[in-house]
Amino acid sequence: GQSRAIEDALHLGRIASRSDSTTLILGESGTGKELFAQAIHNASERASGAFVAVNCGAIPRELVQSELFGHVEGAFTGSARGGSAGKFELADGGTIFLDEIGDMSFDAQVSLLRVLQEGEVTRVGAKKSQRVDVRIIAATHRNLSEEVRAGRFREDLFFRLAVARVRIPPLRERAEDIPHIASALAD
């Protein structure tokens, strides 16, 4: 698109790509939050590292910590032989994209806050932490300020995630972009 609204979002995305600051992408479902996150990663110094996307709303509540931080062998019934690396370990040196962060359980929010503060992850069942060098980009369709007021999202985590904010406007707010999008899809 070429509307002022999308140009503003692209400008903020470019600024976000030039730093390792945690970035929060806000927008309704279907606005392209993951595409923006991928573009920020690709334009950053971490472009040669992994881009690991995680849909926080799709992971069952009881498995979030294991998925994000990994687990050691025997940590729980059915755990992988030899343990398993979590998404943060897989993204080491690159970027992790936490989509639908507003759907993350309160317990997992506490663990995520620790990663942001300490730069370390602890696998489920492990006694030692390990350092990770990961840039975090989070996204949500929820109004996290309202979620904080309602007690469903940690205020300290919200402020740590929202160091840089990019709002992606829905198409109804940028109708002048419809011909450009239709033309691109026709090609």
A.B. asks: Where do Phe36 and Ala9 come nearest, in terms of heavy atoms and distance?
C.D. replies: CE2-O, 3.7 Å

A.B. asks: Going by heavy atoms in the side chains, are Leu112 and Leu68 under 4.5 Å from each other?
C.D. replies: no

A.B. asks: Heavy-atom distance under 4.5 Å between the side chains of Leu116 and Leu157, does that happen here?
C.D. replies: yes

A.B. asks: Taking atom CD1 of Ile40 and atom CZ of Arg18, what is their separation to the nearest 0.5 Å?
C.D. replies: 11.5 Å

A.B. asks: Hey, are His71 and Ser66 close enough side-chain-wise for a donor-acceptor pair under 3.5 Å?
C.D. replies: yes

A.B. asks: For atom CD of Glu7, is the number of surrounding heavy atoms from other residues, nucleotides or ligands below 6.0 Å larger than 12?
C.D. replies: yes

A.B. asks: Does Leu35 belong to the same Ile/Leu/Val/Met/Phe/Trp/Tyr cluster as Leu185, with side-chain heavy atoms less than 4.5 Å apart forming each link?
C.D. replies: no

A.B. asks: Decide if atom NE2 of His180 counts as having more than 12 heavy atoms of other residues, nucleotides or ligands within a radius under 6.0 Å.
C.D. replies: yes

A.B. asks: Val166 and Gly13: which non-hydrogen atoms are nearest, and at how many Å?
C.D. replies: CG2-N, 4.0 Å

A.B. asks: When hydrophobic residues are tied together by side-chain contacts of less than 4.5 Å, even through go-betweens, does Val134 share a cluster with Val52?
C.D. replies: yes

A.B. asks: Can you name the closest pair of heavy atoms from Thr122 and Phe69 and give their distance?
C.D. replies: O-CB, 3.5 Å

A.B. asks: With a 4.5 Å heavy-atom cut-off, do Thr22 and Phe159 have their side chains touching?
C.D. replies: no

A.B. asks: When rounded to the nearest 0.5 angstrom, what distance separates OG in Ser183 from CD1 in Ile178?
C.D. replies: 13.5 Å

A.B. asks: Using salt bridge (Lys or Arg N to Asp or Glu O under 4.0 Å), reason through Glu89 and Arg123 one step at a time and then give a plain yes or no.
C.D. replies: CA-CA 10 Å; Glu89 285 180 63; Arg123 287 184 178 191; 2.8 Å; yes

A.B. asks: Would you call Arg131-Asp92 a salt bridge at under 4.0 Å N-O?
C.D. replies: no

A.B. asks: Answer with yes or no whether the hydrophobic clustering places Val148 together with Leu26; edges join I, L, V, M, F, W, Y residues whose side-chain heavy atoms lie under 4.5 Å apart.
C.D. replies: yes

A.B. asks: Roughly how far apart are Ser29 OG and His141 NE2, rounded to 0.5 Å?
C.D. replies: 5.0 Å

A.B. asks: Test Val110 against Asp107 for side-chain contact (heavy atoms from CB on, under 4.5 Å), laying out the working first.
C.D. replies: CA-CA 5 Å; Val110 172; Asp107 292 340; 5.6 Å; no

A.B. asks: Cluster question for you: counting only ILVMFWY and a side-chain heavy-atom cut-off of under 4.5 Å, with indirect links fine, are Ile137 and Val64 together?
C.D. replies: no

A.B. asks: When you look at Asp99 and Lys33, which way does the side-chain contact (heavy atoms from CB on, under 4.5 Å) test go after all the steps?
C.D. replies: CA-CA 8 Å; Asp99 197 10; Lys33 294 183 294 291; 4.1 Å; yes

A.B. asks: Below 4.0 angstrom, N of the basic side chain to O of the carboxylate: do Glu173 and Arg4 qualify?
C.D. replies: no

A.B. asks: Short question: side chain of Asp177, backbone of Ser3 - any donor-acceptor pair under 3.5 Å?
C.D. replies: yes

A.B. asks: Main chain of Gln117, side chain of Arg160: is a donor-acceptor contact present, judged purely on distance under 3.5 Å?
C.D. replies: no

A.B. asks: Is Asp8 salt-bridged to Arg167, going by a charged N under 4.0 Å from an acidic O?
C.D. replies: no

A.B. asks: We want to know whether Asn42 and Gln38 form a side-chain donor-acceptor pair, criterion being a heavy-atom distance below 3.5 angstrom.
C.D. replies: yes

A.B. asks: With under 30° as parallel and over 60° as perpendicular, where do the rings of Phe51 and His41 fit, or are they tilted in between?
C.D. replies: tilted

A.B. asks: In sequence, state the C-alpha distance, the side-chain angles, and the governing distance for Arg165 and Leu12, and then conclude on side-chain contact (heavy atoms from CB on, under 4.5 Å).
C.D. replies: CA-CA 8 Å; Arg165 295 182 208 188; Leu12 291 173; over 6 Å; no

A.B. asks: Of all the heavy-atom pairs spanning Arg154 and Leu113, show the shortest one and how long it is.
C.D. replies: NH2-CD2, 3.6 Å

A.B. asks: Determine yes or no for a side-chain-to-main-chain donor-acceptor pair under 3.5 angstrom, with Glu176 supplying the side chain and Gln2 the backbone.
C.D. replies: no

A.B. asks: Rounded to the nearest 0.5 Å, what's the gap from CG on Leu161 to CE on Met104? Could you check?
C.D. replies: 8.5 Å

A.B. asks: Could you tell me whether the side chain of Val124 reaches within less than 4.5 Å of the side chain of Val72, counting heavy atoms only?
C.D. replies: no

A.B. asks: Ignoring hydrogens and geometry, is there a side-chain-to-backbone donor-acceptor pair from Lys87 to Ile96 under 3.5 Å?
C.D. replies: no

A.B. asks: For the hydrophobic clusters of this structure (ILVMFWY residues joined by side-chain heavy atoms under 4.5 Å, transitively), does one cluster hold both Ile59 and Phe97?
C.D. replies: no

A.B. asks: Between Thr31 and Glu28 (side chain of the first, backbone of the second, donor and acceptor by atom type, cut-off under 3.5 Å), is there such a pair?
C.D. replies: yes

A.B. asks: Could you tell me which non-hydrogen atom of Gly57 sits nearest to which non-hydrogen atom of Asn55, and how far apart they are?
C.D. replies: N-OD1, 2.9 Å

A.B. asks: Restricting to non-hydrogen atoms, name the atom on Ser145 and the atom on Phe158 that form the minimum distance, rounded to 0.1 Å.
C.D. replies: OG-CZ, 3.8 Å

A.B. asks: Measure the CZ-CG distance between Phe153 and Asp103 for me, rounded to the nearest 0.5 Å.
C.D. replies: 10.0 Å

A.B. asks: To the nearest 0.5 Å, what is the distance between CG on Leu144 and CD1 on Ile101?
C.D. replies: 8.5 Å

A.B. asks: Answer with yes or no whether the side chains of Ser44 and Ser17 bring together a donor and an acceptor at under 3.5 Å.
C.D. replies: no

A.B. asks: Indicate whether the side chain of Thr23 and that of Arg135 have a donor and an acceptor atom separated by less than 3.5 Å.
C.D. replies: yes

A.B. asks: Start with the C-alpha gap between Val54 and Glu67, add the side-chain angles, then the distance that decides, and say whether side-chain contact (heavy atoms from CB on, under 4.5 Å) holds.
C.D. replies: CA-CA 9 Å; Val54 180; Glu67 282 289 315; 5.9 Å; no

A.B. asks: Between Arg149 and Glu155, is there a salt bridge with N-O shorter than 4.0 Å?
C.D. replies: no

